Amino acid sequence: LWTIRAAAARSLGLSPQRIAQIDSSSNRLLYVLGMLATDTPASKLLHTGDIILEKNGVPVRDVGQISSISSADPVRLVVLRDSEEVVLSVPPTRLDAMETRRVVHWSGALVQEPYRAVLEQVRSLPSSIYVSCTLYGSPANCYGLRPGMWITEVEGIPVATVADFIATLRNIGFTSSHYVRLTVVNRNEVTRMLSLRLDSHYWPSWELVRDPAAPAGWRSIHYL
């Protein structure tokens, strides 16, 4: 969600009656900037650009009114869409606070699926292979792989998920000492090609997987 001024909302079709209800001290409304959890009912009902006018009959002026939902009952929202007011019945969804369930360490880079804070910063995902960290002195750090990049190809082979990434690396060989060519996309949506020389002695590949049955809640996998 983001804010929009009443004057801008008026140009999008907000009625004079609605404008008269807006407190002059705030003079802002909320609109839908994008969808982070695309598999929820709300993502199917709400559209990007919708201006939220009411929640359960109460005018919405603050994001706290939307985020503070404690009931599982559907929420009645009135939104402005294409210059018309639309009434929606939106079922709330309980989101898991444990967003990261799988982390892969490869050549000094931590690779995982992007979490919600990352999704807020991008308009579209180049892939689901997000570099969240690179360790100082590692091949990833020395050869230009940076946090905030997405990996889209390995040796010219398209990869879309972390599983694709691991499968492709397994075919190449985790213990190889030769160069591996990556295609990456940065935060500015600029595509680059990098070559990393692997060093499996000092920077071996491993993976952490969330596993409630494991003693610490995480299970480690080492690729030799």
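Just so you know, these numbers come straight off a predicted model, no measurement behind them. Along the sequence shown, the residues carry numbers beginning at 1. As a basis for the values below, the full set of heavy atoms in this structure was taken, side chains included, without hydrogen atoms, waters or symmetry mates.
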Donor-acceptor pair, side chain of D50 and main chain of H47, under 3.5 angstrom: yes
Can you establish whether the number of heavy atoms outside R5 located under 6.0 Å from its atom CZ is more than 12? no
Measure the acute angle between the ring planes of Y143 and Y179, then classify it against the limits of 30° and 60° as parallel, tilted or perpendicular. perpendicular
Please check this pair: side chain of R81 against backbone of I51, looking for a donor-acceptor N/O pair closer than 3.5 Å. no
So which heavy atom on P139 is nearest to which on S107, and how close? CD-O, 3.5 Å
Closest heavy-atom pair, R187 versus G148, reported as atoms and distance to 0.1 Å, is CG-O, 3.7 Å
Pair R210, E99 - check salt bridge (charged side-chain N to carboxylate O under 4.0 Å, His left out), show working. CA-CA 10 Å; R210 180 70 175 163; E99 298 183 58; over 6 Å; no
What distance do S205 atom OG and I166 atom CD1 have between them, rounded to the nearest 0.5 Å? 9.5 Å
Would L135 and L145 show up in the same hydrophobic cluster when neighbours are defined by side-chain heavy atoms closer than 4.5 Å? no
Mind checking whether M193 and W150 sit in one hydrophobic cluster, side chains of I, L, V, M, F, W, Y counted as touching below 4.5 Å? no
OG1/T168 to CG/L182 distance, rounded to the nearest 0.5 angstrom? 10.5 Å
Is any side-chain heavy atom of L169 less than 4.5 Å from a side-chain heavy atom of Y223? no
Taking the side chain as C-beta and beyond, is there a heavy-atom pair between L53 and Q21 under 4.5 Å? no
What verdict does the side-chain contact (heavy atoms from CB on, under 4.5 Å) test give for D211 and V209, after you've listed the backbone C-alpha separation in whole Å, the side-chain angles of each residue and the deciding distance to 0.1 Å? CA-CA 6 Å; D211 184 357; V209 180; 5.5 Å; no
Going only through I, L, V, M, F, W and Y residues with side-chain contacts under 4.5 Å, is there a path from L12 to W2? yes
Between atom OG1 of T183 and atom CD of E155, what is the distance when rounded to the nearest 0.5 Å? 9.5 Å
Where is the tightest heavy-atom contact between I172 and H178, given as atom of each residue plus distance? CG2-NE2, 3.7 Å
Working for side-chain contact (heavy atoms from CB on, under 4.5 Å), residues V87 and R76: CA-CA 7 Å; V87 179; R76 182 183 182 275; 3.8 Å; yes
Side-chain contact, heavy-atom cut-off 4.5 Å: S128 with V162? no
Applying side-chain contact (heavy atoms from CB on, under 4.5 Å) to I22 and L14, what does each step give before you reach the verdict? CA-CA 11 Å; I22 299 175; L14 188 64; 4.1 Å; yes
Test your reading of the model: is there a side-chain donor-acceptor pair from S127 to the backbone of I151, 3.5 Å cut-off? yes
Tell me whether the rings of W106 and F165 are parallel (<30°), tilted (30 to 60°) or perpendicular (>60°). perpendicular
Are L119 and Y115 connected in the hydrophobic side-chain network, where two residues link if heavy atoms are under 4.5 Å apart? yes
Would you say the side chain of N56 lies within less than 4.5 Å of the side chain of V75, judging by non-hydrogen atoms? yes
So how far is it from N186 CG to M149 CE, rounded to the nearest 0.5 Å? 5.5 Å
Locate the shortest heavy-atom distance separating P147 from T134; write the atom from each residue and the value. CD-OG1, 3.6 Å
Taking all non-hydrogen atoms of both residues into account, name the closest pair between P204 and H105 and its distance. O-ND1, 2.9 Å
Let me check something: do V103 and W203 share a hydrophobic cluster, defined by ILVMFWY side-chain heavy atoms less than 4.5 Å apart, either directly or through other members? no
Taking E84 for its side chain and G13 for its backbone only, find out whether a donor-acceptor pair lies under 3.5 Å. no
Can you tell me how far OH of Y31 sits from CG of L1, rounded to the nearest 0.5 angstrom? 10.0 Å
I want to check something: taking the side chain as every heavy atom from C-beta on, are V190 and V185 in contact at a cut-off of under 4.5 Å? no
Quick check: are there more than 12 heavy atoms from other residues, nucleotides or ligands sitting under 6.0 Å from CG of N171? yes
With a 4.0 Å cut-off on N to O distance, would you call E113 and R102 a salt bridge? no
CH2/W206: more than 12 non-hydrogen atoms of other groups inside 6.0 Å: yes
Write down the atom of G156, the atom of R181, and the distance for their closest heavy-atom approach. N-NH2, 3.6 Å
Do the side chains of V104 and L110 get nearer than 4.5 Å, heavy atoms only? no
Working to the nearest 0.5 Å, report the span between CG of L45 and CG of L77. 9.0 Å
Heavy-atom side-chain proximity of R61 to L29 below 4.5 angstrom: yes
Is any side-chain heavy atom of V78 closer than 4.5 Å to a side-chain heavy atom of R18? yes
Would the distance check show the side chain of E85 and the main-chain N or O of L80 forming a donor-acceptor pair, the cut-off being under 3.5 Å? no
